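Heads up, the thing below is written out as structure tokens.
Note that the coordinates shown come from a computational prediction; the quantities given were computed from them, not determined experimentally. We name chains A, B, ... by the order of the sequence lines, and we start the count at 1 in each one.
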There are 2 protein chains.
Amino acid sequence: MSSEFDLIRSHFSRKVRHTDLGVGDDAALLHLRPGMQLVVSTDMLVAGTHFLPDTEPEALGWKTAAVNISDIAAMAAEPRWITLALSLPTSDDKWVAAFAEGFAACCASFGVDWIGGDTTRGPLNLCATVFGEVLHGQAVLRSGAKPGDDIWISGTPGLAALGLQHLLEKIVLPDEARAACLSALYKPQPRVALGLALRGVASAMLDVSDGLLGDLGHILEQSHCGAQLEEAALPVHMLVAASHAAREALLNGGDDYELLFCADQTQRPFIEKLAKKLALPLSRIGKIIAGKGTFILNPAGLVEPLLPNSYDHFRSSRP
Amino acid sequence: MSSEFDLIRSHFSRKVRHTDLGVGDDAALLHLRPGMQLVVSTDMLVAGTHFLPDTEPEALGWKTAAVNISDIAAMAAEPRWITLALSLPTSDDKWVAAFAEGFAACCASFGVDWIGGDTTRGPLNLCATVFGEVLHGQAVLRSGAKPGDDIWISGTPGLAALGLQHLLEKIVLPDEARAACLSALYKPQPRVALGLALRGVASAMLDVSDGLLGDLGHILEQSHCGAQLEEAALPVHMLVAASHAAREALLNGGDDYELLFCADQTQRPFIEKLAKKLALPLSRIGKIIAGKGTFILNPAGLVEPLLPNSYDHFRSSRP
């Protein structure tokens, strides 16, 4: 059995590229580039609440970093540093090595230095805190949407939730769809390049972690307005199209970490070009309206209210 | 039962004083003062490992902030911001309110803005990440001790460990000692003013969280030297003096969060004056020597090796 300090030494001390002092002292040291604001977010993942207890450690490591980095992307900022605190029931060297590999791989993919953390014993719990930089005043908040703005979503959200339902044997996915859905669940891709490209373009933005409708509600609340979505514009993935479960997962499933953003209508050409440049679908799914609430325009021309059914850690049960 | 968003709204959204954007978006925004480095540390506290499950929530809130702030003090930096992620088995409003009060009180005592966090469901786990500022290059690391330096410790460490042993009914403390020991356990005081005053004075420093001997070992390892302590100089608190348990707690008990530091002998007058100014005992307990290992000079003039018996999360069992 490895000791705590052995664990830290062998798996958690990684090379840093833009950090003054990394793992090994009471704290890490870093500096911001001139004119930059620091962007800080923290996310905790708990076995049984955020992931199935038998999730592969490498996938879990990737995901722990990815969901945190996604919050920096959602501010239109550049992810730069991350810390990881984790509690483990036992010190299983092989598990820790694989977890650390996945975590470090995601960090490296997005240019993030892993600068420190804490290792302790307890029920499996993973808590990362991530730091980004953004030019002073250029972060995109949730509060800037205005009536008339388009509402956009990246990618094809819902796949991760379908993957989870497949694992829980609530639905059965055909092979090709299953592969896409499990990849979305296990290896989410924070939309860092998209977020950065939307500085000065998006009026409001967040990453969808608890479900599109519920998270859209946060923008509406903080921007004091409502939304009308268009059924026909929802980007259901072709592999799972036309199922009720897919629509439900798209609207209320979490865990895809796509970016939901609003932008003035004059930005359409820029955003359409950006989708091609990034090879990432960007779908205009509705518009911001005055008033309150979210509505949907169905293909028959009927406008109906649409209530979120997204995840709340103290109300729902998931997975 | 409160929902996650209600919990955050009612207890975790506090006024910030030097933060650009606090709780409520995907991330918080802040900026450093000119010429400053950011100092980052994270600590995770788990029920049953770091604290007894029935610990009063207000005390636990204080302690969660304090142990983190202590790491910033140990770098000779000024604590400025903190995030808190926590997982809770149920959403007990009263518990959360009391916990948040204790956490916020500690933050306020040390001028720290509580800027964000995450709330989730799971076994009780508290993870804070704390941020400080220090003038570029002025942080005191673990690696700067040199042979001949004095070794100093603040306060009278060991009280917290004795308090825990009393709670576990391993020892019985008389009333007055019990009060002092439980206060040390429940309401540790990060030595922020001391840490700041030691910039440019201490050659190496850390906060004692796992035990004086074990933590001294980190300085020795990183500074490539050894230490000789002096039995007669160990600051055993007068309320628990002359017991074997008190000496053991002083040398190997964690959780007091006193600062252990080294300094050139020429700094003695400054440090003695500082102790008076801060009304905090600062005891010169030994010296750094060339070579490896820790030794102790006993009152009979005998020098013996001294092995740490401090806490390792994957080797010992505590509490």
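- The nearest pair of heavy atoms linking B/Asp25 to A/Arg142 is OD2-N, 2.8 Å.
- Atom CG of residue B/Asp26 and atom CG of residue A/Leu206 lie 5.5 Å apart, to the nearest 0.5 angstrom.
- With sequence neighbours excluded, no residue forms a salt bridge (charged side-chain N to carboxylate O under 4.0 Å, His left out) with B/Asp43.
- Heavy atoms only, all atoms of each residue included: B/Ala85 and A/Thr42 are closest at CB-OG1, 4.1 Å.
- A donor-acceptor pair under 3.5 Å links the side-chain atoms of B/Thr49 to the main chain of A/Arg121, judged by distance alone.
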Take A/Val40 and B/Phe131 through the test side chain to side chain contact (heavy atoms under 4.5 Å, CB included) and record every step on the way to the result.
-> CA-CA 10 Å; A/Val40 179; B/Phe131 313 93; 3.5 Å; yes

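- B/Leu38 contributes atom CG, which lies 7.5 Å from atom CD1 of A/Ile115 (distance to the nearest 0.5 angstrom).
- Taken to the nearest 0.5 Å, the CG atom of A/Leu126 stands 7.0 Å off from the CE atom of B/Met44.
- Inspection of non-hydrogen atoms places B/Asp71, B/Ala74, B/Met75 of residues 70-80 of chain B under 4.5 Å from chain A.
- In terms of heavy-atom pairs under 4.5 angstrom with chain B, the leader among A/Val134, A/Leu84, A/Leu86 is A/Leu86.
- With a 4.5 angstrom heavy-atom cutoff, A/Ile219 does not touch chain B via any of its atoms.
- Near-neighbour residues of residues 195-204 of chain A relative to chain B, defined by a heavy atom under 4.5 Å from a heavy atom of that chain, are none.
- Atom CG of B/Leu45 and atom OG1 of A/Thr120 lie 8.0 Å apart (nearest 0.5 Å).
- At a heavy-atom separation below 4.5 angstrom, chain B is approached by A/Ala27, A/Ala28, A/Leu29, A/Leu30, A/His31, A/Leu32 within residues 27-35 of chain A.
- The choice from A/Asp20, A/Thr83, A/Asn125 that makes the most heavy-atom pairs within less than 4.5 Å of chain B is A/Asn125.
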